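FYI, the numbering just counts along the sequence from 1. Counting convention: from 1, in listed order, for ligands and their atoms alike. Here the structure is a predicted model, which means the values were calculated and not measured. As a basis for the values below, the full set of heavy atoms in this structure was taken, side chains included, without hydrogen atoms, waters or symmetry mates.
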Amino acid sequence: MEAVITAITDSGEIRVFELSPRDGAPLPAYQAGAHLDLTLGNGMQRQYSLCCAQPSPHSYRIAVKREPQSRGGSAWLHTEARVGTVLPIGAPRNAFALMPQARQHLLFAGGIGITPILSMAYELLRRGQPFELHYFVRDAAALAFAEELRAAPLARHVRLAVGLGAEAAAARIQTTLYTAQAEGTQVYVCGPPGFMDTVKTRAAARLGAAAVHAESFSAPAGGGDDQPFILRLLRSGRDITVPAGETALASLQAAGLDVECSCEVGVCGSCRLGVADGVPEHRDAVLSEQERNSNRCFMPCVSRSRTPVLQIDL
Ligand code: FES
């Protein structure tokens with residue numbers, strides 16, 4: 001499917017893009033928290049969270065921060081993309097959905113992590129469910145969607161934290177978590193790794209790991225002392241060696257196996273494989289704690305194995 005950029009606006013340090021279907025056909029529906037795969041003009045494929053106020057079959061909205069360390073995605077969108085640029089897109093996918101059983105939702109966003117959180121906030125407004133949106137930014141210039149966040153009816157749910165250092169931010173997060181009801185509260189977090197770690201650790205201590213949901217834009221780094229291991233294919237019994245310094249995904253592809261993939265950095269969820277035996281070493285930012293602890297699935301684009309052999313459902 002192809003989308004055309006119909007509007008570009010700047011909001012704080014981010015650039016907001018409106019996309020419409022090139023052929024006028026309705027766009028696939030999605031739930032709050034979903035992201036979109038875009039193929040950029042430089043050939044790179046990137047994922048961006050959808051942040052529309054109201055899902056529409058006629059347009060998507062994404063927001064992109066210009067990252068100084070950009071691997072090429074945000075730099076291309078900030079410098080090359082124009083109104084009228086056509087981009088191939090995939091169907092929206094969601095690994096960060098709102099939990100239907102919650103009595104209260106606590107949304108934590110750090111910096112550009114506001115994008116999926118914003119669409120969740122709008123969805124909760126529509127549902128009339130209780131929620132708070134805690135948005136942490138380095139300074140006022142980093143504040144995205146300021147007008148929307150300060151306008152009714154969103155404003156009464158929004159708590160801005162501007163310019164707090166790490167300690168003060170951690171204290172604010174802790175206070176928020178401990179003043180929330182312990183029963184029935186679900187926590188959602190998206191933002192930089194350190195911020196997410198703080199929220200996840202403290203929320204899990206207060207509410208249990210199952211109540212904590214995270215969306216990351218980068219997977220945790222590996223240990224740097226990777227060991228080779230064997231992937232044993234369940235259906236054929238074939239063994240494929242994954243050497244140190246090569247990903248399991250690359251080894252599978254080199255062996256002629258067709259594994260779906262997109263981001264290749266452990267954040268999109270598209271390469272997920274079932275595990276029949278062995279213990280994965282999870283390095284992705286997609287799976288929940290429950291899924292990790294089950295040892296029943298792993299992301300071969302970044303994750304490895306703790307056992308010499310990992311039998312996979314392939
Ligand atoms: S390709 Fe995106 S998680 Fe593996």
- State the atoms of ligand 1, each with its element, that fall below the 4.0 Å cut-off from a heavy-atom position in C261. 1 (S)
- Note on the structure: Of all protein heavy atoms, the one nearest atom 3 (S) of ligand 1 is G269 N, 3.3 Å
- Message: Classify the ring geometry of F131 against H157: parallel below 30°, tilted from 30° to 60°, perpendicular beyond 60°.
- Response: parallel
- Message: Among V279, D284, L310, exactly one meets side chain to side chain contact (heavy atoms under 4.5 Å, CB included) together with F298. Which residue is that?
- Response: L310
- Polar side chain donor-acceptor pair, T185 to Q104, under 3.5 angstrom: yes
- Where does the angle between the aromatic ring planes of F108 and H134 fall among parallel (under 30°), tilted (30 to 60°) and perpendicular (over 60°)? parallel
- Note on the structure: The atoms of ligand 1 lying under 4.0 Å from a heavy atom of C301, numbered in the order shown, are 1 (S), 3 (S), 4 (Fe)
